[in-house]
Amino acid sequence: QVQLVESGGGLVQSGASLRLSCAASGRIFSILTMGWFRQLPGKERVFVASITWSVGAGTSYADSVKGRFTISRDNAKNMVYLQMNSLKPEDTAIYYCAASGNLIPTTTPGAYHSWGQGTQVTVSS
């Protein structure tokens with residue numbers, strides 16, 4: 001079992017930046033990939049970004065966030081981050097951190113076995 005706790009969400013204006021953090025604990029050795037997803041009420045959870053946990057530093061991004069968001073990790077602290085720049089109102093959602101025991105595929109929610117409780121990001125226009 002892996003426990004994940006997100007933090008760093010908030011209310012910001014369009015064009016601002018936020019950094020989300022995700023602290024992992026428990027069966028860390030089972031993690032191969034960490035990801036960020038986002039979800040609107042009544043909608044499906046959507047892939048945002050992923051990063052390999054201990055094998056290289058492969059990253060993947062949704063087209064909607066490429067060039068604006070950056071995922072990174074600190075294995076010594078068991079942390080994953082999502083730096084979000086040039087935020088837009090359409091980035092408003094609850095953001096979830098997730099852990100997967102798979103290297104591929106990493107863009108589907110079903111590939112992840114552990115989830116955090118989510119953190120709200122609201123971007124006003």
Side-chain angles (χ1 to χ4, degrees):
Q1 191 80 359
V2 175
Q3 291 77 44
L4 303 171
V5 179
E6 303 98 333
S7 60
L11 171 63
V12 296
Q13 290 189 331
S14 181
S17 297
L18 275 176
R19 189 177 82 153
L20 304 183
S21 299
C22 174
S25 61
R27 296 169 62 92
I28 304 295
F29 61 86
S30 71
I31 301 174
L32 291 182
T33 302
M34 292 291 291
W36 286 96
F37 288 75
R38 62 189 183 187
Q39 187 174 25
L40 289 170
K43 302 290 186 180
E44 293 186 351
R45 207 160 285 188
V46 176
F47 172 76
V48 175
S50 67
I51 187 168
T52 54
W53 183 244
S54 60
V55 180
T59 58
S60 180
Y61 296 93
D63 288 342
S64 59
V65 306
K66 279 181 182 176
R68 299 189 299 121
F69 290 12
T70 302
I71 188 171
S72 62
R73 69 173 196 264
D74 184 336
N75 291 98
K77 297 181 179 180
N78 292 332
M79 296 289 294
V80 175
Y81 305 98
L82 186 68
Q83 178 67 43
M84 305 186 295
N85 299 329
S86 303
L87 282 163
K88 304 175 182 179
E90 51 263 43
D91 294 318
T92 295
I94 298 175
Y95 283 71
Y96 295 90
C97 176
S100 172
N102 301 317
L103 281 177
I104 55 172
T106 59
T107 63
T108 55
Y112 294 78
H113 55 67
S114 299
W115 294 84
Q117 82 288 350
T119 185
Q120 177 72 47
V121 172
T122 303
V123 184
S124 63
S125 58

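- With values rounded to the nearest 0.5 angstrom, Ser64 atom OG is found 9.5 Å from Phe47 atom CZ.
- Within 6.0 Å of atom CG in Leu11, more than 12 heavy atoms from other residues, nucleotides or ligands are found, so the atom counts as buried in its surroundings.
- Pro89 approaches Ser124 most closely through the heavy-atom pair CG-C, 4.5 Å.
- For Arg45, the salt bridge (charged side-chain N to carboxylate O under 4.0 Å, His left out) criterion is met by no residue, not counting sequence neighbours.
- Considering Met34, Arg73, Met79 in turn, Met34 is the only one that fulfils the side chain to side chain contact (heavy atoms under 4.5 Å, CB included) rule with Cys22.
- Taking Lys66 as the reference, Asp63 meet the side-chain hydrogen bond (donor to acceptor under 3.5 Å, both in side chains) condition, with sequence neighbours excluded.
- With Arg68 contributing its side chain and Ser86 its backbone, the two residues share a donor-acceptor pair below 3.5 Å.
- Under the 4.5 Å side-chain heavy-atom criterion for grouping Ile, Leu, Val, Met, Phe, Trp and Tyr, Tyr81 is not connected to Leu87 through any hydrophobic cluster.
- Judged purely by atom type and a 3.5 angstrom limit, Asn75 has no side-chain atom pairing as donor or acceptor with the backbone of Asn78.
- Between the side chain of Glu6 and the main chain of Thr119, no donor-acceptor pair closer than 3.5 Å is present.
- Closest approach of Gly8 to Leu18, counting heavy atoms only: O-CD2, 3.7 Å.
- Heavy atoms of other residues, nucleotides or ligands lying less than 6.0 angstrom from CD of Gln1 number 12 at most.
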task: Output, in order, the C-alpha distance, side-chain angles, deciding distance and verdict of side-chain contact (heavy atoms from CB on, under 4.5 Å) for Leu32 and Thr52.
output: CA-CA 6 Å; Leu32 291 182; Thr52 54; over 6 Å; no
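- For the pair Asp91/Met84, no side-chain contact is recorded, criterion being any heavy-atom separation below 4.5 Å from C-beta on.
- Using a 4.5 Å heavy-atom threshold, the side chains of Tyr61 and Val48 count as separate.
- The side-chain heavy atoms of Leu82 and Phe69, taken from C-beta on, include a pair separated by under 4.5 Å.
- In this structure, a donor-acceptor pair under 3.5 Å is absent between the side chains of Thr92 and Glu90.
- Connection of Val123 to Leu40 is not established within any shared hydrophobic cluster, with ILVMFWY side chains joined at heavy-atom distances below 4.5 Å, either directly or through further cluster members.
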Stepwise ring pair (Phe, Tyr, Trp, His ring centres under 6.0 Å) test for Tyr96 and Phe37: CA-CA 5 Å; Tyr96 295 90; Phe37 288 75; 8.8 Å; no
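- Placement of Trp53 and Val2 within a single hydrophobic cluster is found when ILVMFWY residues are connected by side-chain heavy-atom separations under 4.5 Å, directly or transitively.
- Applying the side chain to side chain donor-acceptor pair (under 3.5 Å) test to pairs two or more places apart or on separate chains, those with a residue in residues 97-115 are Ser50-Thr106.
- Tyr95 and Arg38 are linked by a side-chain donor-acceptor pair at a separation below 3.5 angstrom, with hydrogens and angles left out of the test.
- Using a 4.5 Å cut-off between side-chain heavy atoms of Ile, Leu, Val, Met, Phe, Trp and Tyr, with links allowed through other members, Leu4 and Ile71 fall into the same hydrophobic cluster.
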